[in-house]
J.: 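This is the structure I want to talk about, given as structure tokens.
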Amino acid sequence: MLEYEKSGELKTKSIDLLNLSSSTDVNALVEEIQKAEPLITASRSDQVKLLIQRLQDKLRQHSNHKFYLFKVLRAHILPLTNVALNKSGSCFITGSYDRTCKVWDTASGEELHTLEGHRNVVYAIAFNNPYGDKIATGSFDKTCKLWSAETGKCYHTFRGHTAEIVCLSFNPQSTLVATGSMDTTAKLWDIQNGEEVFTLTGHSAEIISLSFNTLGNRIITGSFDHTVAVWEADTGRKVYTLIGHCAEISSALFNWDCSLILTGSMDKTCMLWDATNGKCVATLTGHDDEILDSCFDYTGKLIATASADGTARVFSAATRKCITKLEGHEGEISKISFNPQGNHLLTGSADKTARIWDAQTGQCLQILEGHTDEIFSCAFNYKGNIIITGLWHAVMEERRGQRKTWQVLLSSLVLQVYSSTNL
């Protein structure tokens, strides 16, 4: 990031080094940057070299470490809906059927805050990363609330949806919150004044996936109507509708440089779209069952897909070819994500295990054991040295009525935190 002053106003500019590796020649790279960027003068070259060397050090960190079980937390009495880490992994949040969101200290396992006020299930939750000072919660009570991560204070309650809120996201600048609802609309909200900015209308069924691009000027919504819509964030205008899937959308997201959009569907395929014109450039096939999750690596070079068929696949974004297949789980894979370095993948499965894989070879490097039930959520922190997993812990209780016998599933949530370093 470059900071500079223009006409008395402080401005910023970013240089993306998406091809940087631990073996990149730093001197040659800085020379290349200087030719393209006049802000990098000769007097600044040593400083830039130091920054790039630090980035290389980060790429080398935690790349081959083994993880060990660090904490087991029983977070809520009723089932949990989602888990989210702040950027550093120093704290995380959990949403629950008990109508609350809880904020946790990762190292100590201490509950820092209970965010109370929703009148129904708290389903969608997020930090405003990279800042991490605010939390958004979306609920089945049709509202979204904005909270202070530090004090637990509620800043705003966003009202306007006519059905459950099931997905939400902050824009990268942390000036807007977008919410997606079962009422078929998405809404953009102003974080400062708490007012609705736009309503995004056009889908004919529930919106279940929503995300901004890196620049924050576009937003995509995925729907049960089998389509994905691309919108301008500053006007609310629909730019494209991506039509091609023949079943419900499970995920939709941009790559880092905003050139591609990846969509996953219950039709067993992922599709890759040109973000500039909305045209489909590839259909990624090979799975025998529904796609439950999909993602890009941090640079946008690799794509990972997770399926109900119990396998995951890695594709090249450039060639659209399958690089490797991840086999070993004995149940559906509901979550998949790359570590920040991009060389490992994390999967969470109904077979009660989470696994770490080599993204190039497909080799299983480690099985995170000790889970007693199905894993529904798992994630790396930004450094890649902490993993959090969420699972159901179920007990069957039999109750007898006058005319019939039935069973009630009593669920609580168990969170497990894994670390490759001493926290």
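This structure is a prediction, so every number in the text was calculated from the model and none was measured.
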J.: Looking only at heavy atoms, what is the nearest atom pair of Ile323 and Ser316, with distance?
T.: CD1-N, 3.7 Å
J.: Rounded to the nearest 0.5 Å, what's the gap from NZ on Lys142 to CG on Asn120? Could you check?
T.: 9.5 Å
J.: Mind checking the CD1-OH spacing from Ile387 to Tyr68? Nearest 0.5 Å is all I need.
T.: 12.5 Å
J.: Work out which heavy atom in Lys13 is nearest to a heavy atom in Glu37; give both atom names and the distance.
T.: NZ-OE1, 2.9 Å
J.: Asp274 side chain to Gly278 main-chain N or O, any donor-acceptor pair under 3.5 Å?
T.: no
J.: Which is it for Asp190 and Gln192 under the side-chain hydrogen bond (donor to acceptor under 3.5 Å, both in side chains) test, yes or no, and what are the steps along the way?
T.: CA-CA 6 Å; Asp190 187 297; Gln192 287 302 314; over 6 Å; no
J.: Considering all heavy atoms of both residues, which atom of Ile291 and which atom of Met266 are nearest to each other, and what is their separation?
T.: O-SD, 4.1 Å
J.: For Tyr382, is the OH atom crowded, meaning more than 12 foreign heavy atoms sit under 6.0 Å from it?
T.: no
J.: Is the ring centre of Tyr123 less than 6.0 Å from the ring centre of Phe140?
T.: yes
J.: Apply side chain to side chain contact (heavy atoms under 4.5 Å, CB included) to the pair Leu200 and Lys187, showing each step before the final yes or no.
T.: CA-CA 6 Å; Leu200 311 181; Lys187 290 179 183 286; over 6 Å; no
J.: Is the number of heavy atoms from other residues, nucleotides or ligands under 6.0 Å of Lys134 NZ greater than 12?
T.: yes
J.: Kindly give the heavy-atom pair with the smallest separation between Gly109 and Trp104, and that separation in Å.
T.: O-CE3, 3.6 Å
J.: Looking at Cys378 and Lys335, what are the two nearest heavy atoms and their distance?
T.: SG-CB, 3.8 Å
J.: On a heavy-atom basis, which atom in Leu55 and which in Leu20 lie closest, and how many Å separate them?
T.: CB-CD2, 3.7 Å
J.: Looking at Gln173, I want to see if its CD is surrounded by more than 12 non-hydrogen atoms of other residues, nucleotides or ligands under 6.0 Å.
T.: yes
J.: Does Lys49, at its NZ atom, have more than 12 non-hydrogen atoms belonging to other residues, nucleotides or ligands within less than 6.0 Å?
T.: yes
J.: At what distance, to the nearest 0.5 angstrom, does CG of Asn171 lie from CD1 of Ile191?
T.: 6.5 Å
J.: Taking only Lys NZ, Arg NE, NH1 and NH2, and the carboxylate oxygens of Asp or Glu, determine whether Glu232 and Lys238 approach each other closer than 4.0 Å.
T.: no
J.: Between Arg54 and Asp57, is the closest basic N to carboxylate O distance under 4.0 Å?
T.: no
J.: Could you check whether atom CZ of Arg44 has more than 12 heavy atoms from other residues, nucleotides or ligands sitting under 6.0 Å from it?
T.: no
J.: Counting neighbours of CD on Glu150 that are heavy atoms of other residues, nucleotides or ligands and sit closer than 6.0 Å, is the number greater than 12?
T.: no
J.: Whether the side chain of Asn213 engages the backbone of Cys258 through a donor-acceptor N/O pair (distance < 3.5 Å, no angle test) should be reported.
T.: no
